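Taking it in order: structure first as structure tokens, then the write-up.
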Amino acid sequence: MIRRNFLVLNALLVLACQVLPVRAGAFPAWAEAVLQETQLLVPPDDTDMWRILDQTVIEPGPKGKIKVKRRVVQRVINEQGVAAASMYLIDGNADTTKIKRLKGWHRNSLNRVATLDRQNIVTVSQAEIDKLSHDEATIAVFEKVGPNSIVAFESYEIRETLFPQDLVFMLGHFPIAKRIIDVRLPTAQITPTHFDAWGLTPTINDNSLTLLQTPAIQSEPLVPDSPLSLPHIIINFQDPEAATIPLDQWSTLAAWYYETFAAASAAPQKVHALSDLAILAPIYNQQIDTITYRQRYLTPARGWVPASGEEVQRRKYGDCKDMVAGLRYQAGHAGVSVLPVLATVFREEYPNQDAPVSFATFNHLIGAIPLTHSLGLAAEVSVGTQRYLLVDPTAKGTPLGRLPDAFRNRHLLLCLPDDGRWVAVPEQAFEEQKLDAKVMGSVDENNTLTGGIIFTSRGNALGLRDASDVPDLEEVEWAIRQGFDIPGSAILNVAPLQSPTSDQIQIICQVQWPSFIRYDADGYRLPTAIVPLKKRVLEKRGRPRQQAIRVPRLTPTTWHITIKNHQALAPGATHTEWSDGTRWFSWQAEAGPHLNVTFFQKGHTRIFTKQELAAGLAYWENYRNNYNPFYREATLFRAIHP
Amino acid sequence: MKWFIFTFFLMTLVPGLTATDNGFEPPTYGLPIPETAWQVRQDPERDLFDAAFLVHYTSFENQHNRHYRLIRILSEQGKAAAEFLHDSETLSAVKGRVLYPDGTELGFDSTADFVEILTYRSRRKKVKATILIPPGLTTDCLVEMEWFEAADLGLKKDTFFKRFDIRDDYYCLSKTFDMGVKDVPEGKTLAWVTQKPKEPITLALQNSRTKTPTFTFNNIPPRKSHPFGNPNQAPNAHSFIVYRTLPFTASTFLRGKPVPDWNGDYVVSFPTDIQLIARMITYHFDNPDTNKAMRVFSKEVKHMLTKEAGVDLKKEPIRAAKLTLTALHERISVSNRLNAEQLIMFRNKKEKKPSNLKPCFRNGWADPFQINLIFVWLLRELNIQFQFVYANPVTSPPYKASEKTPFSFDWRMPLIMVKEPQQRAMFCAWRPEFEPGMLPSELQGTAALAVNPYRRFFHVDTDTPHFGATANQLETHVDAELNENGSCRLRLTQTGTGVNKSRMVRALHHLREEEQGPFLRRHWKRRLGNNVELLDAQATPIKDLKDAVTLTVDAQIDHDEAQNWFEIDPFPGLFVNLPQPKMWPADRTQPIVLDYAFVQTETMTLRVPSGWTLKGKHHRHRENRVGTVTFEANQEGNVIRVQRTLTLTDNRLEAEAEPDLRFFLAWAREANLQTIAVAKGDAQ
């Protein structure tokens, strides 16, 4: 295996090993001016570094490219802010970004000014072995920065963009006194997004936007993984005269993508709707079995344009769009049509037709196969009178006719010739996933369980469906530990797998589990893998919650425990159940030397946006107020003294 | 004849190994692949999963080293075995093909299959790498590859050794090193060293057709990573080291002559190489560029030792060395451990890193190498005899006496050993946070090489001292009061020794005094979580790494007044500083290496309102060969006392102790989660 971070680490090491000289110089006038302008402001409490100015100017560049200028001035408040303030980073792709200027100044606490030496600038690759690209990061670093230092950087680069659109994010991990985005492109329109929810009140003159005193993004629990939910500006600079990719409506973007995809995939043209699944199944299964997921982004458009279907079949690797192109190519030879469908997965943003039109909305591509009639499959959708089957060739453990759980509650953009339609993924497209564990054995005086556990996974809940014919039992053990949260201290001896059925896998383990019954309060509890600890509050003391709330999904999981304990115990409650429609738990337990417990819980993903924060906090508080007393009282076993 | 000499030496290191003259046949790219290659399948008994190297061949040649691989791919994950990243500058003539069971094949020698990326670019250097992801891989195929790597008589230009780990990420049926360098000019000899492998690996030594020796290792299980482990310390960890011998004899150099020309005669004895290199490297310590300040300091130290401390330098060299190092640390700081005042001075200085010792006494700091130089110079000035001790951190490839190679050490950073007739002490001058004579835990109890500069650089294998759990204590007392309304005020006081103290001090001593309080408050706020209100966190002001430190944290926890019993966490924000790995691969053979052994004691005194009682009985003691965990609580009048003690007896454990370690970690976590129940009256 190749170490993925090898390249970056290597380069940082080289930088760290250099002896960096210091050059004297004057602080630039623009930085002096902004320092003068902000001298009466005080930095927010509890920050290590304060960015006094963060300015981005976007201008026309040569040959239809754009010129991005940045100026940054930052003050080090304390020692913890030194590393962040010393460094300046420019991300880009070697083919699309040319850095034309990069300068820096450091004024130390004695007011001596040093300028950035070129030796302090290093460019490193950001390629990874399964994400081949020419992406690079250029890093400039000052040495000898300390508390009260002021550091300024200035850069500009020429960028080539595929789309006539750019996104600029407003907040960072440090507060900013003055944030300026100045777009000087002739046809540009700027659309501030999520500003109101965050209470940001910009001053806008033409396409120049200024924000004062922006807060830092706080680290908080249960935050959705969705950068697009943070305040940002969408900049559209479509030139009506130029032949650029249309981003005025979803349908025009979809139509452009259909044409682009069809041309690049180079699949046979004479195709029609599918009438019999038997035609598609062998092609799809062959594709699933032979093509490995791997990104290969070596040209500026490769994020969107697939390799030809023939090349995908030769390479036998590719990313999502390559896999769809490969399927389109193979299916095309059987006369079957495959259309591209743009999707968002994993990222906890749920766009639909009402979302602002942006290329950045999507991070995945799947296929849609027109059907002559319904084949009775779960992952079918209708657009008008036409029925389509949705297929995701990257989802190796998911059978044809269904979609993986990542598509739950999602809308997708179906790309058609000259049109595009948003479609909702039907609820029945997903397999029902369930986990079940039966624990048997006895617990000794040291509270160690010795016995066996039968783990059952339905609907590929453990992801073992695509395990190889002779699965490595350590891989199986890892899947169990992840799926059931079994602690590493529990010693599992996994028996070879029986032939799994298509929807159920059963794994039998011998187990030695220290502290299975653990002392707590004045009694005993089951391990946290079975009964999770009390839920904590989501707001930091003295600081209102800042970000949206994500209540994560819980795979429906049932633990059945039938064990002989070294002493008789009585549960706090013999029967309890609760649900609020998002979270469920139920508990059944019997007293005596034999412990018989059944505990079930499940939960749906639920997102409370920034606007719904109050409701989210109230939801979580209600959940806490129900779960925590249940944990405290019902799940505490006390010894029965004869 | 040279190869024969080396073979002879190898045979002395690997008993029972004899060369055969059958004529080793190097693999040739493009020939028909034997049918037996297809018969290799996944085999759990042999740990053969996903892929296997059927032939893994490296030939060291005059201008290019040749690499050949025949790889059996058996699963989706196994495709990674054929991936390839190589620096572009030295790579040439890559050829490859994928072979399928039906007899068809796909070549991948076109440029489209190779991706060149920039590794890094600085003002002076630009390095590129070539990545190959072979096309056409399936879960049942063979991959044959060949490439060449530019070399200068077997080694990459400007390098003088290379260590190959025999094990890979996948099972390897056969791995061959072919010493194909021929007609070597004098002074550029390529030597090698390895050991006799352990079962199931076997080693065969053959002569190739060109009469150069080849070493073929067979049946090599994959390298495994285990929690708290170092794969290099596994019994089957095995390396093949290729290195350039030095072009002059030890005897010439040891007579005090300067380093001779490259064209001198060369050394073939591994032990002599070490002696010679030790002499060369420790040469830095012979004559450091002294200055007046150093000489004045030396006189002050001598005066302090003999007149103030009354040390007999001849009879008590260890005590003298300890006091000397203490005085040196008081006078000169180590540059990567400066306190806040020194950091300000350092940052405000324009000068670059000094090339000699002159600025050290003026600035008040020196880099780790310089501080070692000054310490050695002081010992010499004081006529205290010492030895250089070379040891590797336990996370690195260990020094193996049987390898007899000088390439595993950082030769600039020896420990300094001082001996008395009945005892010895080792000093790590560049880690001033520890008392002189105490070593950082990663350098404790490890195989080492001692070099005696007073006996013609005679060297012996030794080991470094190993300090027990009591050297690293962490004691915390929580003084708390519970009110009728459920609010609980508490004050936590913490002190430590050894590693625990050094961590507490190093977190603070580089911060200005006004920054230490806010830093601690933020740190403890995070540790206590959102359910506990931090009121204050303070520490005794720290300026020096040797300063004593006491930490005080005030906090309040509010329980729900409506409840008739409270669940109280007696030690909020305190936890055992041990990871809880999720996965422990089977069949561990490598020893267990934990950060440091420790004794962690926490006590709580909780005053409760009259009539309130501690519920349940709390007296647990669990013990195994890894350590002990105890938890006790009792009540006397209105005072409840709780004590939790964890002792990790040793931080180096044999592989067989793994089940006990897992039990210990479970007990530690249980003790960590344990609350006590305090009830109003006799409430249930």
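In the text below, chain A, chain B and the rest are named by the order of the sequence lines, each starting its count at 1. Not measured: the values here are computed from a predicted model.
- The part of E76(B) that comes within reach of chain A is its side chain, from C-beta onward, which places non-hydrogen atoms under 4.5 angstrom from that chain.
- Residue contact with chain A, scored on non-hydrogen atoms closer than 4.5 Å, is absent for R521(B).
- K535(A) NZ: more than 12 foreign heavy atoms inside a 6.0 Å radius.
- Not a single donor-acceptor pair under 3.5 Å links the side chain of E83(B) to the backbone N or O of I129(A).
- Here N348(B) is the residue among I344(B), N348(B), T138(B) with the most heavy-atom pairs under 4.5 Å with chain A.
- Neither the backbone nor the side chain of A639(A) comes within contact range of chain B; no heavy atoms are under 4.5 Å apart.
- Judged purely by atom type and a 3.5 angstrom limit, R536(A) has no side-chain atom pairing as donor or acceptor with the backbone of N531(B).
- Here R315(A) is the residue among Q482(A), R315(A), R296(A) with the most heavy-atom pairs under 4.5 Å with chain B.
- T528(A) and R669(B) form a side-chain donor-acceptor contact under 3.5 Å, judged by distance and modelled atom types alone.
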- prompt: Are E567(B) and L636(A) close enough, and set up right, to give a side-chain contact (heavy atoms from CB on, under 4.5 Å), and what steps lead you there?
  reply: CA-CA 11 Å; E567(B) 226 179 343; L636(A) 184 66; over 6 Å; no

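- Contacts of R632(A) with chain B are made by both backbone and side-chain atoms, with heavy-atom separations under 4.5 Å.
- A donor-acceptor pair under 3.5 Å is formed between the side chain of K144(A) and the backbone N or O of F346(B).
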With side-chain contact (heavy atoms from CB on, under 4.5 Å) as the criterion, how do Y519(A) and H618(B) come out once you've worked through the C-alpha distance, each side chain's angles and the decisive distance to 0.1 Å? CA-CA 9 Å; Y519(A) 289 104; H618(B) 299 276; over 6 Å; no

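- Neither the backbone nor the side chain of P227(B) comes within contact range of chain A; no heavy atoms are under 4.5 Å apart.
- Only the side chain of Y317(A) comes within less than 4.5 Å of a heavy atom in chain B; its backbone stays farther off.
- One finds the CD1 atom of I117(B) at 10.0 Å from the CD atom of E128(A) (value rounded to the nearest 0.5 Å).
- The minimum heavy-atom distance between S515(A) and E670(B), with the atom names listed, is OG-OE1, 2.7 Å.
- Interface remark: E514(B) contributes no atoms to any contact with chain A (heavy atom separation under 4.5 Å).
- Put simply, of D135(A), I77(A), D48(A), the one with the most heavy-atom pairs under 4.5 Å next to chain B is D48(A).
- Environment of NZ in K131(A): sparse, with no more than 12 heavy atoms of neighbouring residues, nucleotides or ligands closer than 6.0 Å.
- In this structure, the side chains of L673(B) and R525(A) stay at 4.5 Å or more apart for every pair of heavy atoms.
- For chain A, the option among Q674(B), R620(B), K79(B) with the highest count of heavy-atom pairs below 4.5 Å is R620(B).
- Although no hydrogens or angles enter the test, the distance criterion places a donor-acceptor pair under 3.5 Å between the side chain of T675(B) and the main chain of A521(A).
- Note: E79(A) CD to Q516(B) CD = 11.0 Å, rounded to the nearest 0.5 Å.
- The line from SG of C141(B) to NZ of K316(A) is 9.5 Å long, rounded to the nearest 0.5 Å.
- Checked by atom type and distance alone, the side chain of R314(A) never pairs as donor or acceptor with a backbone atom of P135(B) at under 3.5 Å.
- R347(B) places no side-chain N or O within donor-acceptor distance of the main-chain N or O of N108(A), the cut-off being under 3.5 Å.
- The contact between E515(B) and chain A is made entirely by side chain atoms (from C-beta outward), counting heavy-atom distances below 4.5 Å.
- The most heavy-atom pairs under 4.5 Å with chain A, out of V532(B), L106(B), V678(B), come from V532(B).
- Under the 3.5 Å distance criterion, the side-chain polar atoms of R662(B) are matched with a main-chain donor or acceptor of G488(A).
- If you take NE2 on H621(B) and CG on N446(A), they are separated by 10.5 Å, rounding to the nearest 0.5 Å.
- Per-residue counts of heavy-atom pairs under 4.5 Å with chain A were compared for H510(B), K126(B), K125(B), Q580(B); the largest is that of H510(B).
- Atom-to-atom distance recorded for N78(A):CG and R512(B):CZ is 7.0 Å, nearest 0.5 angstrom.
- For CD of E513(B), the number of neighbouring non-hydrogen atoms (other residues, nucleotides, ligands) closer than 6.0 Å is 12 at most.
- The choice from L538(A), L533(A), D485(A) that makes the most heavy-atom pairs within less than 4.5 Å of chain B is D485(A).
- Heavy atoms of K582(B) lying under 4.5 Å from chain A belong to its backbone as well as its side chain.
- Proximity to chain B is limited to the side chain of E136(A), based on heavy atoms less than 4.5 angstrom apart.
- In terms of heavy-atom pairs under 4.5 angstrom with chain B, the leader among S489(A), G523(A), P527(A) is S489(A).
- Under a 4.0 Å N-O distance rule, the pair K525(B)/D46(A) does not qualify as a salt bridge.
- Heavy-atom pairs under 4.5 Å with chain B peak, among Q313(A), E477(A), H134(A), at E477(A).
- Only the backbone of I676(B) has a heavy atom closer than 4.5 Å to any heavy atom of chain A.
- Of all non-hydrogen atoms in N530(B) and R541(A), the two that sit nearest each other are O-NE, 3.1 Å.
- Contact tally against chain B (heavy-atom pairs below 4.5 Å) for L473(A), T448(A), L492(A), N148(A): the top residue is T448(A).
- Residue P581(B) touches chain A through its backbone alone, counting heavy-atom pairs closer than 4.5 Å.
- A distance of 12.0 Å separates CG in D289(A) from CG in D140(B), rounded to the nearest 0.5 Å.
- When heavy atoms are compared at a cutoff of 4.5 Å, V494(A) does not approach chain B at all.
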